[in-house]
Protein chains: 2
Amino acid sequence: MVMQEADQLDAVFSALSDPTRRAILSRLTAGDASVNELRAPFTMSQPAISKHLKVLERAGLIERRVARQQRPARLNAAPMAQAVRWLDDFKQFWAPSFDQFDTLLEDLKRDKTTREADNE
Amino acid sequence: MVMQEADQLDAVFSALSDPTRRAILSRLTAGDASVNELRAPFTMSQPAISKHLKVLERAGLIERRVARQQRPARLNAAPMAQAVRWLDDFKQFWAPSFDQFDTLLEDLKRDKTTREADNE
DNA sequence: TCATAAAATAACCATATGGTTATGCAAGAG
DNA sequence: CTCTTGCATAACCATATGGTTATTTTATGA
């Protein structure tokens, strides 16, 4: 059963709307992790994490393996491409004078990143 | 009261997770529209549309005006930039593999599926 | 075989979400 | 003034979401 494109987008955006799940995805960019490892930064219970993982799995954003007693999660960022593609249609509406000031915007972005780095 | 960056992301992704709201945003790229105009493509009631608009407004994705009896909505795509910036960090996890290893990955996936099928 | 560890599942709870119908209210139009 | 239009708001409902604790499943290891 193949998920409809719209339903897939629903699931992806919905999965990304929770800060815990976004943190889990960010963590997974550093490599696969077991449920307990993913749970470590949080105060919530293990079943809560398992629920979040199920949401991420339904959105196609992670895949599960079996390794010993663990079920490590692996990032699958592919569905994010769909979300980005949808958002790209709006780029012209937030990047005023897209063509001319492209470079300026890049500069601003870099400045912001630098400032954030300074704060840590 | 300024919304926290994370809360803002929550609100944006959450707002985008509904197909009706995405359709409304797409419609607004063609210009401002009244509630009735936005309602036209759908079968749902007017209050339902008003609720969706409230969600979009809380996420900062639209702004409301007052014009005669109408309260037209205007697209404000700026908060989408934040979402795209967050997603950009994951680009490397879906983009690079695409070109060179597309076929290889498909092969691996097929092998895995085959193995799983064998186990059942 | 038995104990332990990792994670899933069940059952439950409070709140959020997405819809409805009914009603209220402000701004033209007659 | 009164009527109508456009929308907001209220009240309600069913289902979804995000958390909990308790229990079960699965795999390792003694």
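Residue numbering restarts at 1 for every chain, and letters A, B, ... go by the order of the sequence lines. Every heavy atom of this structure was used, including side-chain atoms; hydrogens, water molecules and symmetry mates were not.
- The minimum heavy-atom distance between L16(B) and F13(A), with the atom names listed, is O-CD1, 3.4 Å.
- Look at D88(A) and K91(A) and you find a salt bridge, because one of the NZ, NE, NH1 or NH2 atoms lies within 4.0 Å of a carboxylate O, short of that distance.
- Under the 4.5 Å side-chain criterion, counting only non-hydrogen atoms from C-beta, T29(B) is not in contact with D89(A).
- Look at CZ on F42(A): it is 17 Å from C1' on dA7(C), rounded to the nearest Å.
- Between the CD atom of Q70(A) and the C1' atom of dT4(C) there is a distance of 14 Å, rounded to whole Å.
- The nearest whole Å value for the distance from the CZ atom in R65(B) to the P atom in dA27(C) is 16 Å.
- The phosphate of dA8(D) has neither OP1 nor OP2 within less than 4.0 Å of any side-chain N or O from K51(B).
- Using a 4.5 Å cut-off on side-chain heavy atoms (C-beta onward), I49(B) and M44(B) make contact.
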Just the table, please: protein N/O against nucleotides 22-27 of chain D N/O, every pair under 3.5 Å.
none

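- For D10(B) and dT17(D), the CG to P distance is 15 Å, given to the nearest whole Å.
- Considering only side-chain N and O atoms, S45(A) lies under 4.0 angstrom from the phosphate OP1 or OP2 of dT20(D).
- Not one side-chain nitrogen or oxygen of H52(A) sits closer than 4.0 Å to the OP1 or OP2 atom of dT17(D).
- Between K54(A) and dA7(C), a side-chain N or O to OP1/OP2 separation shorter than 4.0 Å is absent.
- Contact annotation: S50(B) side-chain N/O to dC7(D) OP1/OP2 distance is not under 4.0 Å.
- Rounded to the nearest 0.5 angstrom, D32(A) CG and E63(A) CD are separated by 9.5 Å.
- OP1 and OP2 of dA6(C) both lie 4.0 Å or more from every side-chain N or O belonging to S34(A).
- Proximity of D10(A) to D7(A): side-chain heavy atoms (C-beta onward) are separated by under 4.5 Å at one or more points.
- Counting only distance, with no hydrogens or angles, the side chain of R74(B) and the backbone of G31(B) share no donor-acceptor pair below 3.5 Å.
- Of the residues in residues 17-32 of chain A, none lies under 4.0 Å from DNA chain C by heavy-atom distance.
- Here N36(A) does not reach the OP1 or OP2 of dA5(C): none of its side-chain N or O atoms lies under 4.0 Å away.
- Heavy atoms of R39(B) sit nowhere under 4.0 angstrom from any nucleic acid atom.
- L16(B) places its CG atom 12 Å from the P atom of dG18(C), with the value rounded to the nearest Å.
- Annotation: of the two residues near DNA chain D, M44(A) and P72(B), the 5′-most nearest-nucleotide partner is P72(B).
- Computed from coordinates, the L53(B) CG to dA8(D) P distance equals 7 Å when rounded to whole Å.
- Protein atom CD of E57(B) is 14 Å distant from nucleotide atom P of dC7(D), rounded to whole Å.
- Between A77(B) and F90(A), the shortest heavy-atom contact is CB-O, 4.0 Å.
- Counting heavy-atom neighbours within 6.0 Å of R65(B) CZ, excluding the residue itself, gives a total above 12.
- Rounded to an integer number of Å, the gap from I49(A) CD1 to dT9(C) P is 16 Å.
- In terms of heavy-atom proximity, A15(A) sits nearest to L56(A) at CB-CD2, 4.1 Å.
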